[in-house]
Structures are given as structure tokens and as C-alpha cells.
S.K.: 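Below is the structure I would like to discuss, written out as C-alpha cells.
We're numbering straight along the sequence, starting at 1. The figures here come from the full heavy-atom set of this structure, side chains too, leaving out hydrogens, waters and symmetry mates.
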Amino acid sequence: MTNSVRSVRHFLQFSDFTREEFDYLFERTRWIKEQFKAYKRYWPLADRTLVMIFEKASTRTRLSFEAGVQQLGGAAIYLNTRDSQLGRGEPVEDAAQVMSRMCDVIMIRTFEQTIVERLAANSRVPVINGLTNEFHPCQIMADIYTYIEQRGPIQGKTVAWIGDSNNMCYTWLQAAEVLGFKVNVSTPAGYEVKPELAGLKDCSHFEWFADPMEAARGADIVTTDVWTSMGFEAENEARMRAFADFQVDAEMMQAAKDDAIFLHCLPAHRGEEVSAEVIDGPQSKVWDEAENRLHVQKALMEFLVIGRVEA
């Protein structure tokens, strides 16, 4: 195997990588997952350390990154801002200088996107966005890989996003522009997409629908998220009323293609954004999707830390 030599790269939003780089990462994900399923040891990150910084609660992000780096032969260190100097007012810039001298890659799950950008600007090692208010690129990598694994290439396909124009929605919009597919977005009035927030070059890869059934019609993927994301709990009652007609149910899935799949980044609230019949039904791929966070992030960490690997 040979590794390319290159400068430090970060993964702060989906548009940080090209389509060709994602094609490479999805192929590496397939290979790395195959090794894992066959119980074949693959330790390209032996003696490397991942620091994980959490300002927001997490289940899948912590599990997938911590297990993932260990499965690649490395080690993970968990830092919660409540238990570190970051929680006592240490500047992000100073923390980045120190941490990046003691580890090989940093993952952060935080609030404003500017925090991860400041961290990356002062880091000697790759920084990965594990979730911000604006974007969730690792999750969308897992979602797209799940579709590829289940149905084949996503280019030219249609994704129906039903619900809130949140960090997942904006990352889907970036992914559509980078990879060449379409997103049908349906949100309640007052919760519409603001394309400028995604930094899109143009708006040709998405369309907004007032009627969620129309957005789902003919879609290859139907996907949603909780109606009240972290940090918006005070709006919960108003959101429950506004989103009442935006539940992904069996009727909506029937409007999509016969072989459409349902995705949800989890945790899910059955009876709110999705019916139990859908999330627990045959078109749901949410458990494969959750597992694939592990495998796409292993490919991502390998790429960021050691570069391309040519078998």
C-alpha cells in the first residue's frame, strides 16, 4: 500500500470534499466494512489518537467515532466541555493549539459552525464536524452510503426531505450539489429553507413543496428528523402544531417509488415525525444507516490522517 502526502484537510461541511473524493470514501467504506464483517484486523491508525469534544449530547456520534478509531487500531479520548477548560472560558483557538499537539485528529460536536471553523483554523491536525446547528456532514455521508449499499449510485435520484429545515436538511442540499441528485424539501410555513445558509452555488438541485405528499411523490429516499432539534426545546409546543401534517406515514411512502427507502438520523419520535408503521416497516433502513456511521467515519478518519490508500 502507498499513502499520498498532502497538507492537513478538515471535514467541516459536506462541500469540503469533491464528488471524486466522496466516490473514493464510499469505496473505502465498502472495503473497510467488509474487513470488519469478516473479522479481519485492519489497523492503519495504530498509535494514533482521536480527541472527541462534546458540547451536545450524543449516542451514535460518540459510539461510532470511539468504536471506529479503536477498530482502526487507534485510541479515543472523550472530552465534555463541562469537564474541561473549554467550559470555563478557554478560547477555542488556545484549546486547538494544545490539543492538536497531543493528538492526530479532533472531532467536535457543538453549537455554532463558527466554533468548528475557529478550531480548525488553529489546529495542526484534521478537525471533523460531528454536528453543529448548521450542518451534520458525517450523518449525510452515512445516509448516502446506505442508499448506495441498498440501491446503487445516488446520482440523478430524488430525496424527499420532510419537516424542519435544520442541519440535516442543509447538509442534504450541499450533498445534492456536490454529488448530482435532487432534494424535494417540504416544510411548514415559517420554516422554509434559506439556500444562502447552505452556501449553494445555485438552487438547481432542490425544490420546495408546500405539500409534503407532493415532495414525496416519485422519491427514491424519504427522510426526516425530529421536529424540535437540540437547542429549540422552548419552541416545542409551537412546532408540534406547525408540523402536525408533516408526519412520514404509510400513505406518504406509497407516494414515493416502490423501492424507495426511509431514513432517519435518530433518535426518532414514533407518532410525531414518523409513524411506527414506517420506521419499523420493510422500507426503513434506519438501523443500517445508524451502523454505517461507524464505517463511513472509519474511512473518513483514515483519509484525513494518512491520506489515500491504494490497495
S.K.: Nearest heavy-atom pair of Arg62 and Ser58: which atoms, and what distance?
M.R.: N-OG, 3.0 Å
S.K.: Quick one: list whatever passes side chain to side chain donor-acceptor pair (under 3.5 Å) with Lys157, sequence neighbours left out.
M.R.: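 For Lys157, no residue satisfies side chain to side chain donor-acceptor pair (under 3.5 Å) once neighbours in sequence are set aside.
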S.K.: Identify the two heavy atoms, one from Glu55 and one from Phe111, that lie closest to each other, and give their separation to 0.1 Å.
M.R.: O-CE1, 3.8 Å
S.K.: Would you tell me whether Asn129 and Gln113 have side-chain atoms, one donor and one acceptor, within less than 3.5 Å of each other?
M.R.: yes
S.K.: Can you check ring pair (Phe, Tyr, Trp, His ring centres under 6.0 Å) on Trp31 and Tyr42, steps first, answer last?
M.R.: CA-CA 11 Å; Trp31 186 87; Tyr42 178 59; 4.9 Å; yes
S.K.: A quick test of your reading: do over 12 heavy atoms of other residues, nucleotides or ligands sit less than 6.0 Å from CG of Asp258?
M.R.: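 12 or below, so no.
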S.K.: Between Glu34 and Arg30, does at least one N-O distance fall below 4.0 Å, as a salt bridge requires?
M.R.: yes
S.K.: Verify whether one side chain among Ser64 and Gln297 offers a donor that lies under 3.5 Å from an acceptor in the other.
M.R.: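 The answer is yes; a qualifying pair exists.
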S.K.: Please determine whether side chain to side chain contact (heavy atoms under 4.5 Å, CB included) holds for the pair Gln139 and Asn167, giving the CA-CA distance in whole Å, both sets of side-chain angles, and the decisive distance to 0.1 Å.
M.R.: CA-CA 10 Å; Gln139 180 65 57; Asn167 53 5; over 6 Å; no
S.K.: Spell out, as yes or no, whether a donor-acceptor pair under 3.5 Å connects the side chain of Thr49 to the backbone of Cys103.
M.R.: no
S.K.: Just wondering, are more than 12 heavy atoms of other shown residues or ligands nearer than 6.0 Å to CG in Asp47?
M.R.: no
S.K.: Please report whether the ring centroid of Phe14 lies less than 6.0 Å from that of Phe135.
M.R.: no
S.K.: Kindly check if the number of other-residue, nucleotide or ligand heavy atoms within 6.0 Å of CZ (Arg124) is above 12?
M.R.: no
S.K.: Is there side-chain contact between Asn184 and Arg217, with heavy atoms separated by less than 4.5 Å?
M.R.: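 With C-beta onward as the side chain, the pair stays apart.
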S.K.: Determine whether Ile148 and Ile221 fall in the same hydrophobic cluster, where Ile, Leu, Val, Met, Phe, Trp and Tyr are linked whenever their side-chain heavy atoms lie under 4.5 Å apart.
M.R.: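 Both belong to a single hydrophobic cluster.
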S.K.: Going hydrophobic residue to hydrophobic residue with side-chain gaps under 4.5 angstrom, can you get from Met141 over to Leu266?
M.R.: no
S.K.: Under 30°, 30 to 60°, or over 60°: which ring-plane class applies to Phe303 and Phe17, parallel, tilted or perpendicular?
M.R.: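 Geometry flag for Phe17 against Phe303: perpendicular rings.
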S.K.: Is there a side-chain hydrogen bond (donor to acceptor under 3.5 Å, both in side chains) between Asn292 and Lys285 once you walk through the steps?
M.R.: CA-CA 11 Å; Asn292 282 333; Lys285 303 300 177 186; over 6 Å; no
S.K.: Could you give the distance from CG (Leu263) to CG (Asp143), rounded to the nearest 0.5 Å?
M.R.: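 These two atoms lie 5.0 Å from each other.
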S.K.: Rounded to the nearest 0.5 Å, what's the gap from CD on Gln13 to OG1 on Thr171? Could you check?
M.R.: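 If we round to the nearest 0.5 Å, Gln13:CD and Thr171:OG1 are 8.5 Å apart.
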S.K.: Give a yes or no on whether the ring-centroid distance for His295 and Tyr145 is below 6.0 angstrom.
M.R.: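 Between His295 and Tyr145, the centre distance exceeds or equals 6.0 Å.
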S.K.: Any idea which heavy atoms bring Val8 and Pro126 closest together, and the distance?
M.R.: CG1-N, 3.7 Å
S.K.: Which heavy atom in Met213 sits nearest to a heavy atom in Ala255, and how many Å separate them?
M.R.: CE-CB, 4.0 Å
S.K.: Look at atom CD of Glu21 and say whether more than 12 heavy atoms of other residues, nucleotides or ligands are closer to it than 6.0 Å.
M.R.: yes
S.K.: Walk me through whether Cys169 and Val193 qualify under side chain to side chain contact (heavy atoms under 4.5 Å, CB included).
M.R.: CA-CA 8 Å; Cys169 177; Val193 163; 3.7 Å; yes
S.K.: Is it true that atom CD of Glu277 has more than 12 heavy atoms of other residues, nucleotides or ligands lying nearer than 6.0 Å?
M.R.: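 Count not over threshold, so no.
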S.K.: Locate the shortest heavy-atom distance separating Asp225 from Asn166; write the atom from each residue and the value.
M.R.: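 Nearest heavy atoms, Asp225 then Asn166: OD2-ND2, 3.0 Å.
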S.K.: Checking Arg308 against Glu27 for the salt bridge (charged side-chain N to carboxylate O under 4.0 Å, His left out) test, could you report, in this order, the C-alpha distance in whole Å, the side-chain angles of both residues, the deciding distance, and whether it holds?
M.R.: CA-CA 11 Å; Arg308 288 178 182 256; Glu27 176 55 29; over 6 Å; no
S.K.: Looking at His10 and Val125, what are the two nearest heavy atoms and their distance?
M.R.: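 The pair with the smallest heavy-atom distance is CE1-O, 3.3 Å.
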S.K.: Would Phe246 and Met253 show up in the same hydrophobic cluster when neighbours are defined by side-chain heavy atoms closer than 4.5 Å?
M.R.: yes
S.K.: Is atom CD of Glu237 surrounded by more than 12 heavy atoms (other residues, nucleotides or ligands) closer than 6.0 Å?
M.R.: no
